[in-house]
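Only this structure's heavy atoms are used, side chains among them; waters, hydrogens and symmetry mates stay out. Just so you know, residue 1 is the first one in the sequence shown, and it goes up from there. Indexing begins at 1, ligand by ligand and atom by atom, following the structure's order. This one's a predicted model, so the numbers in the text were calculated from it and none came from an experiment.
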Amino acid sequence: MRIAVAAYETTAWLAPLPPLTAAEVLAFLAQRGNASFIARCDGNDVGTISSAREGRVVQLFRLGVVVPFRRRGIGERLVCEVEETARGEGAAVVYLQTYRELGLIEYYERLGYRVDGEQSDPSQGRGLVRIDMLKVL
Ligand SMILES: CC(C)(COP(=O)(O)OP(=O)(O)OC[C@H]1O[C@@H](n2cnc3c(N)ncnc32)[C@H](O)[C@@H]1OP(=O)(O)O)[C@@H](O)C(=O)NCCC(=O)NCCS
């Protein structure tokens with residue numbers, strides 16, 4: 001959670017990440033099909049991603065890499081880790097949500113995801129567009 005909050009500081013203008021308590025993290029991880037991964041580089045914890053599986057569909061979320069370690073392929077590696085785990089558990093689809101304003105659609109497209117829908121997000125109140133993307137494994 002500490003890594004995710006640090007990584008999302010650069011996107012706080014859009015949607016600050018609501019931190020979970022340690023108890024909430026433990027409750028999340030205790031549920032079958034849920035997982036979180038941490039990327040370590042040179043002895044530092046530098047990135048994280050979480051996932052939740054329901055049947056054959058996995059959602060990935062809370063992907064973040066801290067600024068000094070960005071653009072080294074760590075984000076991609078984290079996404080791949082979720083996909084490999086999902087495959088191993090018999091999942092057929094990985095799904096994620098992003099905001100058009102984050103400029104990450106092409107990033108996810110390069111990783112094999114395609115846009116599956118979009119809608120304005122009233123909870124943000126600033127005309128932001130939430131994008132659904134998915135990848136068939
Ligand atoms: C998105 C994020 C996880 C990418 O992590 P990363 O480790 O830097 O990504 P990778 O090294 O795998 O990929 C780098 C490539 O992705 C693209 N990319 C990465 N971040 C980008 C951004 N913010 N905007 C546009 N392109 C981006 C670039 O093409 C980059 O390649 P380049 O360096 O050759 O230009 C990281 O920027 C981050 O933590 N952002 C804040 C949190 C966030 O927005 N999470 C995703 C919510 S849906």
Side-chain angles (χ1 to χ4, degrees):
M1 206 62 231
R2 181 175 50 77
I3 306 165
V5 168
Y8 276 74
E9 271 171 16
T10 54
T11 61
W13 55 272
L14 187 151
L17 190 73
L20 304 179
T21 63
E24 287 169 327
V25 171
L26 287 176
F28 170 79
L29 291 174
Q31 273 193 311
R32 193 186 156 91
N34 290 354
S36 293
F37 298 88
I38 292 172
R40 251 185 217 126
C41 189
D42 303 333
N44 303 299
D45 294 337
V46 298
T48 185
I49 195 169
S50 292
S51 63
R53 182 174 56 81
E54 280 198 32
R56 302 193 73 198
V57 178
V58 169
Q59 181 175 6
L60 73 77
F61 50 90
R62 229 175 275 138
L63 166 65
V65 174
V66 295
V67 171
F69 288 86
R70 284 188 189 167
R71 308 207 142 171
R72 300 181 185 194
I74 295 170
E76 178 174 346
R77 180 70 208 280
L78 285 163
V79 172
C80 288
E81 201 65 38
V82 165
E83 292 170 359
E84 280 167 28
T85 304
R87 261 190 218 100
E89 294 178 345
V93 171
V94 180
Y95 153 83
L96 66 88
Q97 286 190 327
T98 186
Y99 286 99
R100 182 174 294 287
E101 290 75 10
L102 284 176
L104 290 171
I105 293 177
E106 282 179 19
Y107 175 68
Y108 288 120
E109 281 178 343
R110 273 202 304 278
L111 296 178
Y113 290 77
R114 64 173 170 77
V115 174
D116 185 50
E118 63 175 66
Q119 51 197 307
S120 57
D121 186 341
S123 70
Q124 296 297 323
R126 275 177 289 163
L128 301 175
V129 180
R130 202 172 62 211
I131 308 285
D132 296 313
M133 301 188 75
L134 60 79
K135 176 174 181 172
V136 177
L137 294 175

Quick check: [X] and ligand 1, any N/O pair under 3.5 Å apart?
{"X": "Y108", "answer": "no"}
{"X": "V65", "answer": "yes"}
{"X": "G75", "answer": "yes"}
{"X": "L63", "answer": "yes"}

Please state which option from [options] has its nearest heavy atom closest to [atom].
{"atom": "atom 15 (C) of ligand 1", "options": "R110, E106, E76, R130", "answer": "R110"}
{"atom": "atom 27 (C) of ligand 1", "options": "R77, R62, E9, R71", "answer": "R71"}
{"atom": "atom 10 (P) of ligand 1", "options": "Y107, F69, Y8, F61", "answer": "Y107"}

Exercise for the section: State, yes or no, whether a side-chain contact exists between E24 and M1 at a heavy-atom distance under 4.5 Å. Expected result: no
Problem - Heavy atoms from other residues, nucleotides or ligands near CZ of R70 exceed 12 (cutoff 6.0 Å) - result: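 Enclosed.
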Distance under 4.0 Å to a non-hydrogen atom of [X]: what atoms of ligand 1 satisfy this?
{"X": "G64", "answer": "39 (O)"}
{"X": "R72", "answer": "11 (O)"}
{"X": "T11", "answer": "41 (C), 44 (O)"}

Exercise for the section: For the pair R53 and E89, find out whether any cationic side-chain nitrogen is under 4.0 Å from an anionic carboxylate oxygen. Expected result: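 Between E89 and R53 there is a salt bridge, with a charged N closer than 4.0 Å to a carboxylate O.
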What's the shortest distance from [atom] to any protein heavy atom, and which residue and atom give it?
{"atom": "atom 11 (O) of ligand 1", "value": "G73 N, 2.6 Å"}
{"atom": "atom 36 (C) of ligand 1", "value": "R70 NE, 3.5 Å"}
{"atom": "atom 20 (N) of ligand 1", "value": "L104 CD2, 3.9 Å"}

